[in-house]
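Take a look at the structure set out below.
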Number of protein chains: 2
Amino acid sequence: MTIRDVAKDAGVSVAAVSKVLRDAYGVSDALRANVRASMDKLDYRPLAAARGMRGQTYTIGIVLPDLRNPFFADIMDGVNTALERTQYRAMVGISQSSVETEMGIVESMIDRQMDGMLMIGSTEDRKNLDIIARRKPLVTIGHHDPEATTFDTVNNHDQQGAMLVVKHLAVNGYRKIAMFSLVSGTSTILIQRELGYRRGMMEAGLGKHINITSSSQILREVQLNARRLLTGPQRPDAIFCWTDLIALEVISVARELGLDIPNDLAVVGYDNTMFCDFAQNNLTSIDQSGEQLGLQAARLLIERIKGRAVTEHFVVTPRIVVRQSSTPAAISA
Amino acid sequence: MTIRDVAKDAGVSVAAVSKVLRDAYGVSDALRANVRASMDKLDYRPLAAARGMRGQTYTIGIVLPDLRNPFFADIMDGVNTALERTQYRAMVGISQSSVETEMGIVESMIDRQMDGMLMIGSTEDRKNLDIIARRKPLVTIGHHDPEATTFDTVNNHDQQGAMLVVKHLAVNGYRKIAMFSLVSGTSTILIQRELGYRRGMMEAGLGKHINITSSSQILREVQLNARRLLTGPQRPDAIFCWTDLIALEVISVARELGLDIPNDLAVVGYDNTMFCDFAQNNLTSIDQSGEQLGLQAARLLIERIKGRAVTEHFVVTPRIVVRQSSTPAAISA
DNA sequence: GAAAAAATGTAGAACGATATACGTAGAACG
DNA sequence: CGTTCTACGTATATCGTTCTACATTTTTTC
């Protein structure tokens, strides 16, 4: 089943069929209907590889850091919603939070003629992103770079989100508020969240309690760091974790140490993923509306593929969703 | 940077370069070294789209039902390990547990000239899988069909896994053991787990307590069904959930109802995902070694792509990992 | 040392789309 | 009524590989 078969069946030229396929200029309604009918009849499907040789593949590549953080599922829901009514399809690559793998995936997506790329929570720096963007339309989620001109960015206001957390904790009487962050020199969202945390602490007059622990994402290391933090000389009475998944691990360690949450320790996460709502977690978190982020990013990417050249930076306002893990009152009530 | 540039630089024919690229027969060591040097020097990367026109794209398509179940991350770890040293790359499509979407993704992967497909937890029936397998090498994970001859299957022994659960619960004194299953007429792993549950109950002399509740995966519906189960006239004293994620939701509902786990209610999951270990869950589960499943599946798929025609069916033996959610003794101890 | 076999390399026709350049008919214009 | 537009279609070069068929050289065999 090739474009030639369709052309023959419809009694028109190959070029005419191609035009119909691409919604290109210069096709009468009659011709279009005729060709469409033949395509349906023959159950014709264009081969992306062949299209890719000269034009588009109608495929966008999505790079995810890992599959364990449920937040990415929220984002993908939004992406899929945005793509639903288009002829674009998403193919996902998993970088396992490694920069080399990430670049490898991007390369292999370019080799595979993806029309554009959406990088989520990328750890690349601006230079590398610029290099990619020069080759293919690019949109990032979770990379702050308001000065970027070669690619679009989609974010929530991470600094503000972190400040919301600190403010909420301070209002609820917590003082020794620590932050559990991620070791990753280049992640701009971490930088913003740490900044927000510091600013929040200063504004609450808690500057002297600023305390940031950084850890990789490896489960064992997270546990080790959490345990160290909770058994150290200056045990915090609240921990703000950079993502829900880490918060759940911190809760786990705290429970094992016999600490009561939220009375001995408050824990707050980020992303407001579905796990926060479970009664055994009941985790206060920042909602950055992953679905919205995914939707906007996909929209921007398709616009870019279609030719938009001016850069857009989309920012969502985060909001805090308060649950029991940070509200001692709720437990006594 | 095309194959022609490399050929020119190395002073050989285009065909020679192509042979080196494909590890094809008829290349001397000297030629290979020469060509490889030019490829490195020019930083050449073959274009998958062009390769796809005649040969392989060295890309395998992986179809995942959803991104929220952390079990799939374990599988993907195995897949990536298996692919690491090959020139194959994985591209993932998310079907959102919908049969139409699943078929759509498969179609679009075939359009994109994937060399083979790995379908995980597919809800397709044998007929559809046969149709796919006739077009592309296919391996499934989580689809029992020992009679299948057109594709390979990789599974754990789900029936045995379910029996392990029932036996364990019975030994610990639980009697009214219910099962929380998934509405999905065609999923063979669910059929096997339900069968194992029934057999286990019969063998434990608990036939009259057999009680299977089925629900979709939608969070609200799961909660509703769990609540109905736990507040009904014949409240079970243990619930075996078909996957960890559901078990976590059941624990949540039970906690909200004021039930103590494991004294009022035991909960057991399946897949032994990372969340089971968290202290707030402490969930007994069946380990089916997702990483092993992924590794074997990827290996089988590449073998098939390379030409193996005889079918293989790989089965892992499940083992139970006992935690507090099903051992009342542990809590009093 | 001639014939056969194996090893190594090359030329060039595919693969299935896209997109440029162009032809032709009918409409609009003055 | 001739000219210029516009709308609609077509012919075909092109994209970057693969792979068959073949030519040449080297090795093996008797």
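So you know, we letter chains A, B, ... as the sequences are listed, proteins then strands, and number each from 1. We use all heavy atoms of the structure for the numbers below, so side chains are in, but hydrogens, waters and symmetry mates are not. Computed from a predicted structure; not experimentally measured.
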Inset, instruction - Round to the nearest Å and state the distance from B:Lys8 atom NZ to D:dG16 atom C1'. - result: 14 Å

Inset, instruction - Select base, sugar-phosphate, or nothing to describe what B:Ser18 touches, counting heavy atoms under 4.0 Å on all strands. - result: base

Inset, instruction - Under the side-chain contact (heavy atoms from CB on, under 4.5 Å) rule, what do B:Met91 and A:Val92 come out as? Steps first, then yes or no, please. - result: CA-CA 6 Å; B:Met91 294 283 150; A:Val92 179; over 6 Å; no

Legend entry - Separation between CD1 of B:Ile75 and CG of B:Leu293, rounded to the nearest 0.5 Å: 6.0 Å

Legend entry - From CA spacing to verdict: side chain to side chain donor-acceptor pair (under 3.5 Å), A:His143, A:Thr153: CA-CA 7 Å; A:His143 173 84; A:Thr153 68; over 6 Å; no

Legend entry - Intermediate values then yes/no, side-chain contact (heavy atoms from CB on, under 4.5 Å), A:Val35 and A:Val27: CA-CA 10 Å; A:Val35 169; A:Val27 190; over 6 Å; no

Inset, instruction - Work out which heavy atom in A:Phe314 is nearest to a heavy atom in A:Gln292; give both atom names and the distance. - result: CZ-OE1, 4.5 Å

Inset, instruction - Send over the distance from A:Ile3 CD1 to D:dG9 P, rounded to a whole Å. - result: 15 Å

Enumerate all atom pairs, one protein N or O and one N or O from nucleotides 8-12 of chain C, separated by less than 3.5 Å.
unit_1 : atom_1 : unit_2  : atom_2 : d
C:dG9  : OP1    : B:Ser28 : OG     : 3.1
C:dG9  : OP2    : B:Ser28 : N      : 2.9
C:dG9  : OP2    : B:Ser28 : OG     : 3.0
C:dG9  : N7     : B:Lys19 : NZ     : 3.1
C:dT10 : OP2    : B:Ser13 : N      : 3.0
C:dT10 : OP2    : B:Ser13 : OG     : 2.7

Inset, instruction - Let me know, please, whether B:Met1 or A:Arg4 comes out on the 5' side of the other along DNA chain D by nearest nucleotide. - result: A:Arg4

Inset, instruction - Among A:Leu67, A:Asp77, A:Thr273, find the residue that satisfies the side chain to side chain contact (heavy atoms under 4.5 Å, CB included) test when tested with B:Arg68. - result: A:Asp77

Inset, instruction - Please work out which residues in residues 38-59 of chain A have a non-hydrogen atom less than 4.0 Å from an atom of DNA chain D and list them by number. - result: A:Met53, A:Arg54

Legend entry - Separation of atom CZ in B:Arg22 from atom C1' in D:dT20, rounded to whole Å: 11 Å

Legend entry - Closest approach of B:Val20 to B:Arg36 (non-hydrogen atoms, all atoms of both residues): O-NH2, 3.4 Å

Inset, instruction - Quickly, which of A:Val139, A:Leu301, A:Ile141, A:Val310 forms a side chain to side chain contact (heavy atoms under 4.5 Å, CB included) with A:Asp152? Name it, please. - result: A:Val139

Inset, instruction - Please lay out, stage by stage, how B:Val106 and B:Val63 fare under the test side-chain contact (heavy atoms from CB on, under 4.5 Å). - result: CA-CA 8 Å; B:Val106 170; B:Val63 185; 4.2 Å; yes

Legend entry - salt bridge (charged side-chain N to carboxylate O under 4.0 Å, His left out) between A:Asp29 and A:Arg32, intermediate numbers included: CA-CA 5 Å; A:Asp29 289 351; A:Arg32 191 189 335 272; 3.6 Å; yes

Legend entry - Stepwise side-chain contact (heavy atoms from CB on, under 4.5 Å) test for B:Lys19 and B:Arg22: CA-CA 5 Å; B:Lys19 280 189 178 184; B:Arg22 289 172 292 127; 4.0 Å; yes

Legend entry - Nucleotide pairing, DNA chain C (Watson-Crick or G-U, distances under 3.5 Å), in dot-bracket with [ ] and |: ||||||||||||||||||||||||||||||

